[in-house]
Protein chains: 2
Amino acid sequence: MTTPPRGLRERKKQATREALREAALRLAMERGPDQVRVEDIAEAAGVSPRTYNNYFASREQAIVSAVTADREARIAAAVAARPAGVRLADAVTEAVVEQYTNTGEREHKALVLITAQAALRDAFLDSAAGIEPPLTAVIAERLDNAEAHTARVLAASVAAAVRIALEGWLRPAGKAEAAESFAAGGLVVPSGSLPDRLRMALAPLAPAFDAAEQRTQP
Amino acid sequence: MTTPPRGLRERKKQATREALREAALRLAMERGPDQVRVEDIAEAAGVSPRTYNNYFASREQAIVSAVTADREARIAAAVAARPAGVRLADAVTEAVVEQYTNTGEREHKALVLITAQAALRDAFLDSAAGIEPPLTAVIAERLDNAEAHTARVLAASVAAAVRIALEGWLRPAGKAEAAESFAAGGLVVPSGSLPDRLRMALAPLAPAFDAAEQRTQP
DNA sequence: ACGAAAACTTGCGTGCACGCACATTTTCTG
DNA sequence: CAGAAAATGTGCGTGCACGCAAGTTTTCGT
């Protein structure tokens with residue numbers, strides 16, 4: 001692995017983190033999300049409320065993280081796994097679509113829960129930003145570390161695009177969206193599947209990836 | 001104008017908002033940022049603490065907004081003001097650089113204050129996201145509203161790039177950065193002026209802008 | 001111009017995020 | 001292996017974000 005477990009300390013921390021994640025999600029599913037207090041989560045995980053806060057900055061983050069857990073790392077790994085021949089833009093797009101499509105039964109139920117509440121939706125959207133650091137690393141590697149700042153900007157742009165795709169996907173398509181698209185005067189596709197939305201959002205960034213790629217390997 | 005003042009109500013709201021902004025910044029400069037409570041700001045602006053919360057979601061946001069106030073609108077206006085002949089990428093870049101360079105005396109002092117505290121730094125970085133909505137509008141306009149979602153993604157990418165530039169700019173260049181750049185193995189420029197950083201961060205996005213532009217006006 | 005409707009302010013109460021200081025555990029050093 | 005050094009868990013206290021339900025002001029229909 002990239003990080004051989006340094007010791008007992010790390011394992012304990014990961015165990016606690018996971019216990020909190022699971023407790024948060026389980027309690028939120030049993031009762032409503034509003035009926036779960038931090039105190040309950042901490043108790044279910046066997047730690048003090050104060051310790052809970054050392055792991056998560058908000059109650060919503062704890063619940064959402066049970067679903068988004070290590071998607072970040074998996075996306076980076078998926079990009080790195082693609083053969084070196086394919087366009088970087090394609091590698092990233094496919095990796096992202098792939099990791100957001102692997103929706104198990106448990107994950108699906110959790111998403112229904114998240115969609116139901118505004119605060120959880122926001123936390124879920126914010127979690128997309130977490131893919132930036134690992135993406136920066138793999139992109140920089142493919143670019144031979146020639147332009148570290150370029151990799152950073154591209155990764156951040158991907159994160160932003162993913163966020164936009166998710167935002168449009170879990171929006172109930174209320175009258176706000178209809179009015180907006182009408183005001184824009186365009187015949188915009190009002191909805192679509194998540195993979196479609198992800199590809200649509202990432203497509204405009206492809207030229208930027210191509211340019212960066214050609215600059216390092218002409 | 002685009003929005004003829006609809007009535008007394010709007011004017012009052014803007015007045016209250018500005019009063020809160022000014023009070024927050026002034027008090028933060030007089031005493032330290034830590035020595036200003038929400039209650040103080042509200043009192044100085046002549047409203048209740050609860051009302052303060054109807055305008056700003058956090059204490060840091062109120063202070064920072066006194067500096068970032070309408071930069072968003074000015075950037076959009078600056079883009080719209082460029083002649084139709086220039087590349088969209090250049091128009092956006094120059095508009096951003098321009099609006100972040102107009103640093104008055106008052107603004108400069110405020111930035112020193114903001115840089116000094118972590119919470120304020122974060123709020124300042126988050127404020128960069130505010131340029132997305134107006135940028136989306138002007139970009140969509142230049143693209144003849146042909147691809148609304150493309151405009152949205154490009155605007156979000158610009159916001160992300162600006163954030164990265166600001167982040168690198170106000171980082172004290174501690175040992176963390178040095179170690180990181182060394183680990184990357186590259187000869188990265190450790191620091192630079194804000195305009196330079198902004199141009200560097202926005203440059204990788206230019207090909208994406210060009211492609212979108214050519215697609216609508218061949 | 002008048003009354004209904006919509007928007008804004010405010011007091012109150014609840015749960016929460018987080019700094020600080022200290023006890024405890026794990027890791028590092030000689 | 002002992003003791004120093006560093007990282008974590010925890011109790012406590014403070015200020016804050018925000019929902020809710022009046023009370024008040026502005027807007028709008030007729």
Side-chain angles (χ1 to χ4, degrees), chain A residues 3-21 23-24 27-28 31-65 116-123 126 175-176, chain B residues 3-21 23-24 27-28 31-65 116-123 126-127 175-176 179:
Chain A
T3 307
R6 258 291 278 235
L8 170 66
R9 199 151 220 159
E10 289 303 316
R11 267 177 292 156
K12 267 190 164 180
K13 272 181 62 172
Q14 291 310 318
T16 301
R17 172 168 266 115
E18 180 136 346
L20 285 169
R21 273 205 286 252
L27 291 176
R31 332 166 184 179
D34 288 335
Q35 304 306 319
V36 181
R37 287 172 312 184
V38 163
E39 188 183 341
D40 304 329
I41 300 175
E43 190 187 16
V47 296
S48 79
R50 184 62 183 85
T51 295
Y52 155 88
N53 257 22
N54 292 341
Y55 285 86
F56 297 103
S58 78
R59 202 179 75 259
E60 290 75 21
Q61 201 176 91
I63 298 176
V64 164
S65 87
Q117 210 195 41
L120 288 178
R121 276 200 305 262
D122 292 347
D126 287 345
K175 50 183 174 182
Chain B
T3 306
R6 258 292 278 230
L8 170 65
R9 198 151 220 152
E10 289 303 316
R11 268 176 291 156
K12 267 190 164 180
K13 273 181 62 173
Q14 291 310 318
T16 301
R17 172 168 265 116
E18 181 137 348
L20 284 170
R21 273 205 287 251
L27 290 177
R31 332 164 183 181
D34 288 335
Q35 304 305 317
V36 181
R37 285 172 313 186
V38 164
E39 187 183 342
D40 304 330
I41 301 176
E43 189 186 16
V47 296
S48 79
R50 184 63 183 84
T51 296
Y52 155 88
N53 259 29
N54 293 340
Y55 285 87
F56 296 103
S58 79
R59 202 178 75 259
E60 290 77 21
Q61 202 176 89
I63 298 177
V64 164
S65 86
Q117 209 196 42
L120 288 179
R121 277 200 304 261
D122 292 346
D126 288 344
S127 76
K175 51 183 175 182

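The model shown is predicted, which means the values in this text are computed figures rather than measured ones.
Taking each heavy atom of B/V64 and B/A123 in turn, the nearest pair found is CG2-CB, 3.8 Å. When every heavy atom of A/A42 is checked against every heavy atom of A/L20, the shortest pair comes out as CA-CD2, 4.3 Å. When all heavy atoms of A/L120 and A/P33 are compared, the closest pair comes out as CD1-CB, 4.0 Å. The minimum heavy-atom distance between A/Q61 and A/S58, with the atom names listed, is N-OG, 3.1 Å. The two residues B/Y52 and B/V47 come nearest to each other via the heavy atoms N-CG2, 4.4 Å. Closest of all the heavy-atom pairs between A/Q35 and A/R31 is O-NH1, 3.2 Å.
Nearest-nucleotide assignment on DNA chain D puts the 5′-proximal partner with A/G46, out of B/R37 and A/G46.
Distance B/E43 CD to C/dT10 C1': 15 Å, rounded to the nearest Å. The nearest whole Å value for the distance from the CZ atom in A/R17 to the C1' atom in D/dT8 is 13 Å. Separating the CD atom of A/E60 from the C1' atom of D/dC18 is a distance of 12 Å, rounded to the nearest angstrom. Separating the CZ atom of A/R59 from the C1' atom of C/dA17 is a distance of 12 Å, rounded to the nearest angstrom. C/dT25 atom P lies 18 Å from atom NZ of A/K13, rounded to whole Å. Atoms CG (A/D34) and P (D/dG19) sit 10 Å apart, rounded to a whole Å. One atom, CG of A/D122, and another, P of D/dC18, lie 11 Å apart when rounded to the nearest Å. For the pair B/Q14 CD and C/dC8 P, the computed distance is 11 Å after rounding to whole Å.
Residues A/F56 and A/R21 form a side-chain contact, since some pair of their non-hydrogen atoms from C-beta on lies under 4.5 Å apart.
Between the side chain of B/R59 and the main chain of B/I41, no donor-acceptor pair closer than 3.5 Å is present. Without hydrogens or angle criteria, A/D40 side chain to A/R37 main chain gives a donor-acceptor distance under 3.5 Å. In this structure, B/Y55 contributes its side chain and B/E18 its backbone to no donor-acceptor pair below 3.5 Å.
Taking a 4.0 Å limit (strictly below) on heavy-atom distances, residues 49-57 of chain A reaches DNA chain C at A/R50, A/Y52, A/N53, A/A57.
Among the nucleotides C/dG11, D/dG9, D/dC16, the one closest to any side-chain atom of B/V38 is D/dC16.
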Quiz prompt | Sequence-aligned protein contact record of nucleotides 22-30 of chain D, with B where the base is within under 4.0 Å of a protein heavy atom and S where only the sugar-phosphate is | solution = ---BBSS--

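A donor and an acceptor atom, one from each side chain of B/D34 and B/Q117, are located under 3.5 Å apart.
In the helix from C/dA1-D/dT30 to C/dG30-D/dC1, the end axes, each obtained as the rotation axis mapping the C1' atoms of four pairs onto the next four within a five-pair block, lie 50° apart to the nearest 10 degrees.
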